[in-house]
There are 2 protein chains.
Amino acid sequence: MRLSSLADYAVVMMSAAARHCGGAGRLNATSLAEETGLPLPTVQKLVSKLSSAGLIESQRGTGGGFRLSRPPAAISLADIVEAIEGPIAMTACVDNGAHDCCVEESCRVKPHWNAVNGAVRGALAGVSLASLSAAPALEVQA
Amino acid sequence: MRLSSLADYAVVMMSAAARHCGGAGRLNATSLAEETGLPLPTVQKLVSKLSSAGLIESQRGTGGGFRLSRPPAAISLADIVEAIEGPIAMTACVDNGAHDCCVEESCRVKPHWNAVNGAVRGALAGVSLASLSAAPALEVQA
DNA sequence: TGGCAATCGGATCGAATTGATCCGATTTGA
DNA sequence: TCAAATCGGATCAATTCGATCCGATTGCCA
């Protein structure tokens, strides 16, 4: 019931990238690692995954780097988490249904898991990168 | 972003226990393992944790076993998950604040994590064991 | 009252996933 | 054409998770 560290790092990274989106049109992994304090190989790995997911566009070669492929308001926490961890699924039943969830009590529980899963995804989808950068010390409560 | 398997097993187990709550006043780990199909040592481990959390009351000796310490309506998924996995915290920042979350952008992200965390906990707290047993094929959507 | 049987409780061991590091392929600029 | 700098994939170690085993405790029965 905890987010993986890489997903957390990715959010911090994307948040920093969103702040630099207006100034420098493109930024590289090295400067981002120095700014966030994360190890460079980890940032490189995250950049690779985020690029594969289509959230950022990378440019190779001298003077290359990457930039957000969409405006910060159109990127949510759910997008980032799914890019790093795969589909959001609290239980294996919700994920693909490949398991033998044919036990009677298990199938009885499954619809409720779907509801919980949807609530989690909704909460993540409701927070965008723009809101992360715009609200410095906003007091948000559940 | 996935619930641990043990927590999932615990929910299935407690759901089965809630159904037997009215009939036999007390049931043991062996019969529960046979009914749910889970390995016996795993069930024993779960019983131990749930007993420590105060959700069930165990009785040792011949003819012993355990029973729910509270009515099914007063036990929620949040109780079970917290009993198995510990406090519900999506990120380490939300958990205890022991980490050096003193980076400027991280602290900016934290209030939003609190909101997401509260939403998750609320979704889990809204589902009780009674509702799991009462709704055989209820169509619940997010 | 002593022994026996059945149960829970904690501790140990193995396995899987995660997280960090390294090296090669590719591309641009001089 | 050469060289430098970057991304991309592959490899390796560590932590956590999950399953199993053995001992301590308790209640029934002779």
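Worth knowing before you read on, the calculation uses all heavy atoms, side chains too, and leaves out hydrogens, waters and symmetry mates. So that the names make sense, note that chain A is the first sequence line, chain B the second, and so on, each numbered from 1. Remember, it's a predicted structure, so these values are computed and weren't measured experimentally.
A distance of 8.0 Å separates NZ in B:K110 from OG1 in B:T91, rounded to the nearest 0.5 Å.
One finds no side-chain N or O of B:S52 lying less than 4.0 angstrom from the OP1 or OP2 phosphate oxygen of C:dG9. Residue A:S58 places at least one side-chain N or O closer than 4.0 Å to OP1 or OP2 of D:dG8.
Distance CG (B:L38) to P (D:dT20): 11 Å, rounded to an integer number of Å. Taking atom CD1 of B:I84 as the reference point, atom P of D:dG18 lies 10 Å away to the nearest angstrom. Here the C1' atom of nucleotide D:dC17 and the CZ atom of B:R2 are 14 Å apart, to the nearest Å. Rounded to a whole Å, the CG atom of A:L32 is 13 Å from the P atom of D:dT6. One can place CG of B:L27 at 14 Å from C1' of C:dC8, the figure rounded to the nearest angstrom. Whole-Å rounding puts the A:L50 CG to D:dC7 P distance at 12 Å. The CZ-P distance, from B:F66 to C:dA6, rounds to 19 Å in whole Å. When rounded to the nearest whole Å, the span between CZ of B:R67 and C1' of C:dC8 equals 16 Å.
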Result block: side-chain N/O donor-acceptor pairs under 3.5 angstrom for residues 44-53 of chain B, not counting sequence neighbours:
unit_1: B:S52; atom_1: OG; unit_2: B:S48; atom_2: O; d: 3.0

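Under the side-chain hydrogen bond (donor to acceptor under 3.5 Å, both in side chains) criterion, B:S5 pairs with no residue, sequence neighbours left out. Every residue two or more places apart in sequence or in another chain was checked for a side-chain hydrogen bond (donor to acceptor under 3.5 Å, both in side chains) with B:D8, and none qualifies. Scanning for side-chain hydrogen bond (donor to acceptor under 3.5 Å, both in side chains) contacts around B:T42 gives an empty result, with sequence neighbours left out. With sequence neighbours left out, the side-chain contact (heavy atoms from CB on, under 4.5 Å) criterion links B:E57 to B:R67, B:S69. When the side-chain hydrogen bond (donor to acceptor under 3.5 Å, both in side chains) test is applied to A:S128, no partner is found at least two apart in sequence or on another chain. Listed by chain and residue number, B:R121 satisfy the salt bridge (Lys or Arg N to Asp or Glu O under 4.0 Å) test with B:E82 (two or more places apart in sequence, or in another chain).
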Please produce a list of atom pairs where a protein N or O lies less than 3.5 Å from an N or O of nucleotides 24-26 of chain D.
unit_1: D:dT25; atom_1: O4'; unit_2: B:R60; atom_2: NH2; d: 3.0
unit_1: D:dT25; atom_1: O3'; unit_2: B:R60; atom_2: NH2; d: 3.0

What protein N or O atoms touch nucleotides 16-23 of chain C N or O atoms at under 3.5 angstrom, if any, and at what distances?
unit_1: C:dG19; atom_1: OP1; unit_2: A:S5; atom_2: N; d: 2.7

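Checking side-chain atoms of B:Q59 against main-chain N and O of B:G65 turns up no donor-acceptor pair under 3.5 Å.
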